[in-house]
Amino acid sequence: MGFFTRTREEAPCTVEVSHRFEELSAHVRLNNGAVIHPGDSVQVLGAEIMAPYGECVSEDRTAIITRASGLERMWTRATGDLEFMELCEFSFSEEVLT
């Protein structure tokens, strides 16, 4: 990993898609133990996976991991907390303003 360059690697992965009343989710598990760090991106190759209602579908695929450069990783760590705070600018109070 260079300070200004990105690297790419392929990894086998398992994609699990759940389309049930209790849960609507999609998860990717990297089967080779690769770890995703701040600023990295993952692209799963292949056609989209459609799970019929009430079922969970699991398929083995290949993922391309694009590793962030050193500069991108530092920037993501430095600004990540600020972006998280944007999500916290709400309130669930029952108080009504008049």
Side-chain angles (χ1 to χ4, degrees):
M1 175 186 75
F3 191 71
F4 294 110
T5 58
R6 296 180 181 179
T7 58
R8 296 174 72 144
E9 62 184 81
E10 288 190 6
C13 67
T14 301
V15 180
E16 297 171 354
V17 178
S18 176
H19 187 194
R20 298 180 292 158
F21 178 77
E22 302 86 13
E23 177 183 15
L24 179 61
S25 64
H27 298 278
V28 176
R29 182 178 59 247
L30 299 171
N31 298 335
N32 66 350
V35 178
I36 304 302
H37 299 285
D40 294 348
S41 64
V42 178
Q43 179 182 10
V44 178
L45 303 178
E48 65 181 43
I49 300 172
M50 299 294 292
Y53 183 76
E55 294 185 19
C56 293
V57 177
S58 180
E59 291 189 14
D60 291 329
R61 298 283 178 96
T62 300
I64 296 178
I65 304 169
T66 303
R67 301 288 182 187
S69 66
L71 181 62
E72 289 173 319
R73 192 170 310 255
M74 287 181 2
W75 177 255
T76 301
R77 286 186 178 151
T79 62
D81 291 337
L82 300 175
E83 291 178 10
F84 172 75
M85 292 307 291
E86 290 178 13
L87 298 174
C88 296
E89 294 180 9
F90 58 85
S91 173
F92 290 111
S93 64
E94 295 180 14
E95 184 177 317
V96 179
L97 298 175
T98 57

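What you see is a predicted model, and the numbers here were worked out from it, not measured in a lab. Residue indices begin at 1 and follow the sequence shown.
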Open item on the list: If I take atom OG1 from residue Thr7 and atom CG from residue Asp40, how far apart are they, to the nearest 0.5 angstrom?
Closed with: 8.0 Å
TODO: Name all residues meeting the side chain to side chain donor-acceptor pair (under 3.5 Å) criterion together with Asn32; count only those two or more places apart in sequence or in a different chain, and write none if there are none.
DONE: none
Task: For Arg29, side chain to side chain donor-acceptor pair (under 3.5 Å) partners two or more places apart - done: Glu16
Task: Same apolar cluster: Ile64 and Val44, side chain cutoff 4.5 Å - done: no
Task: Residues forming a side chain to side chain contact (heavy atoms under 4.5 Å, CB included) with Arg20, sequence neighbours excluded - done: Ser18, Glu22, Glu23, Cys56
Open item on the list: For the CD1 atom of Ile65 and the CD atom of Glu9, what is their distance to the nearest 0.5 Å?
Closed with: 4.5 Å
- [ ] Please identify each residue that fulfils ring-ring contact (aromatic ring centres under 6.0 Å, His included) with Phe21, with sequence neighbours left out.
- [x] none
TODO: Answer yes or no: is there a side-chain heavy-atom contact under 4.5 Å between Leu30 and Cys13?
DONE: yes
Task: OG1-CZ distance between Thr5 and Arg67, expressed to the nearest 0.5 angstrom - done: 13.5 Å
Open item on the list: Using 0.5 Å steps for rounding, measure from the OG1 atom of Thr76 to the CG atom of Leu71.
Closed with: 9.0 Å
TODO: Following the transitive rule for hydrophobic clusters with a side-chain heavy-atom cut-off under 4.5 Å over Ile, Leu, Val, Met, Phe, Trp and Tyr, establish whether Val17 and Val28 coincide in one cluster.
DONE: yes
TODO: Not counting sequence neighbours, which residues clear salt bridge (Lys or Arg N to Asp or Glu O under 4.0 Å) with Glu10? List them please.
DONE: none
Task: Sequence neighbours excluded - ring-ring contact (aromatic ring centres under 6.0 Å, His included) pairs with any residue from residues 36-55 - done: His19-Tyr53
Open item on the list: Ignoring hydrogens, what is the shortest heavy-atom contact between Arg77 and Pro38? Give both atom names and the distance.
Closed with: NE-CG, 3.8 Å
